[in-house]
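Notes follow the structure.
Residues take their numbers from the sequence shown, with the count starting at 1. What's counted below: heavy atoms across the whole structure, side chains too, no hydrogens, waters or symmetry copies.
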Amino acid sequence: MSGAAAIWHDVECGAYGADLPLWDELAAAAAPGTVLELGCGTGRVALRLARRGHRVVGLDSDARLLAALREQAAGLPLRALHADAREFALPRPAALAIAPMQVVQLLPGHRDRLACLRAVAAALRPGGRFAAAIVESLPAAVDGARPLPDVREVDRWVYSSLPLEAAQGDGEIVVRRLRQTVSPAGELREEPNEVRIAALTAAELEAEGAAAGLRPAGRRAVPATDRHVGSTVVVLEKEVP
């Protein structure tokens with residue numbers, strides 16, 4: 001494992017699997033052809049698709065996460081690409097691009113998403129598709145519901161991430177967690193963690209896609225789980241000349 005950043009990424013994202021059947025389905029429909037994953041992290045989705053025989057390019061701006069991905073990708077048809085999702089290029093066009101787990105909402109605003117969508121459009125072959133998972137709104141809170149922490153043990157260290165709050169504010173959704181680390185000697189360390197994602201609707205993303213040369217090609221749904229909200233997956237398609 002390549003450091004604390006990769007460990008926390010796996011603690012908080014690695015166990016999520018509600019979306020995996022959809023990425024499997026879209027990749028199978030696009031085969032043969034390269035699958036590009038934006039914000040691939042340590043490879044939750046990219047490694048799965050590569051192990052199923054798909055050629056995959058996993059793009060992320062965090063070199064620490066890509067180092068962890070490369071450790072696991074030996075012998076697989078997977079290339080790790082260190083790049084900004086708003087400005088990148090591929091040597092060969094991809095058949096499918098995906099952005100799981102609200103990656104496009106991590107971009108600060110409209111201009112950043114438009115730059116990303118234009119880069120994606122340039123990276124796709126004609127008829128290629130881009131599928132992005134977004135959270136359009138938060139569900140109503142359930143009285144008495146207590147979230148469970150995400151926990152992982154690595155080299156006798158225990159890492160626990162407890163969801164505290166998800167709040168919808170002015171133009172953004174803020175997710176707050178408490179990260180706790182317990183050493184092999186039993187010493188406890190705590191630190192708050194906060195992630196901000198831009199508020200975004202499927203219609204807004206489709207309009208931005210159209211401005212970047214990607215036409216709407218349907219929407220899919222990823223169901224909620226006991227630990228994660230459901231997502232809308234917006235599918236966009238590059239027009240055939």
Side-chain angles (χ1 to χ4, degrees), residues 1-104 106 116 119-133 150-159 161 220 222 225 228 231 233 235 238:
M1 185 60 68
S2 300
I7 291 172
W8 283 120
H9 184 275
D10 282 348
V11 169
E12 295 168 351
C13 303
Y16 180 60
D19 60 342
L20 294 177
L22 177 57
W23 308 129
D24 288 342
E25 176 190 331
L26 292 174
T34 298
V35 178
L36 166 68
E37 183 188 357
L38 303 185
C40 65
T42 59
R44 181 183 69 91
V45 179
L47 287 167
R48 177 186 176 93
L49 296 180
R51 287 168 180 150
R52 283 162 170 71
H54 298 287
R55 295 195 307 274
V56 181
V57 174
L59 180 151
D60 206 287
S61 61
D62 193 325
R64 299 167 299 177
L65 303 185
L66 290 179
L69 171 63
R70 291 188 182 100
E71 288 178 11
Q72 302 177 75
L76 294 173
L78 195 163
R79 174 192 169 202
L81 176 61
H82 184 212
D84 190 312
R86 294 164 292 191
E87 187 178 0
F88 68 91
L90 300 183
R92 291 180 297 277
L96 172 70
I98 61 174
M101 293 194 79
Q102 298 79 55
V103 164
V104 296
L106 292 173
C116 173
V120 168
L124 287 174
R125 69 189 185 192
R129 290 188 163 190
F130 175 48
D150 295 301
V151 180
R152 181 163 296 200
E153 182 177 345
V154 179
D155 296 331
R156 297 178 59 221
W157 287 74
V158 177
Y159 298 82
S161 180
R220 304 292 294 274
V222 175
T225 72
H228 299 87
S231 298
V233 176
V235 182
K238 183 174 181 176

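- Two residues are said to be in side-chain contact when any heavy atoms from C-beta on lie closer than 4.5 Å; R48 and D24 meet this criterion.
- Crowding of E153 atom CD: a count of heavy atoms from other residues, nucleotides or ligands under 6.0 Å exceeding 12.
- With F130 as the fixed residue, the side-chain contact (heavy atoms from CB on, under 4.5 Å) test singles out one of L26, L38, V235: L38.
- How far CG of L66 is from OG1 of T42: 9.5 Å, rounded to the nearest 0.5 Å.
- Taking every heavy atom of both residues into account, V104 and A132 meet most closely at CG1-CB, 4.1 Å.
- Remark: the backbone N or O of R125 is not paired with any side-chain donor or acceptor of K238 at under 3.5 angstrom.
- Residues L49 and W23 come closest through the heavy atom pair CD2-O, 4.0 Å.
- Ion pairing of D19 with R44 is present here, as a side-chain N (NZ or NE/NH1/NH2) and a carboxylate O approach within less than 4.0 Å.
- Within the 4.5 Å cutoff, the side chain of D10 has no heavy atoms near those of the Y159 side chain.
- Nearest heavy atoms, H54 versus P77: O-CG, 3.3 Å.
- Side-chain atoms of D60 come within 3.5 Å of backbone atoms of G41 as a donor-acceptor pair (strictly under, hydrogens ignored).
- In terms of heavy atoms, A123 sits closest to L90 at CB-CD1, 3.9 Å.
- Note that OG of S231 is 8.0 Å distant from CE of M101, once rounded to the nearest 0.5 Å.
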Practice task
Decide side chain to side chain contact (heavy atoms under 4.5 Å, CB included) for Y16 and V222; before the verdict, give the C-alpha distance in whole Å, the side-chain angles of both, and the deciding distance to 0.1 Å.
Solution key: CA-CA 12 Å; Y16 180 60; V222 175; 3.3 Å; yes
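- In plain terms, the two heavy atoms of R51 and Q72 that are nearest each other are NH2-O, 4.1 Å.
- Closest approach of C40 to A46, counting heavy atoms only: CB-CB, 4.4 Å.
- Atom NE2 of H82 is separated from atom CG of L65 by 9.5 Å, given to the nearest 0.5 angstrom.
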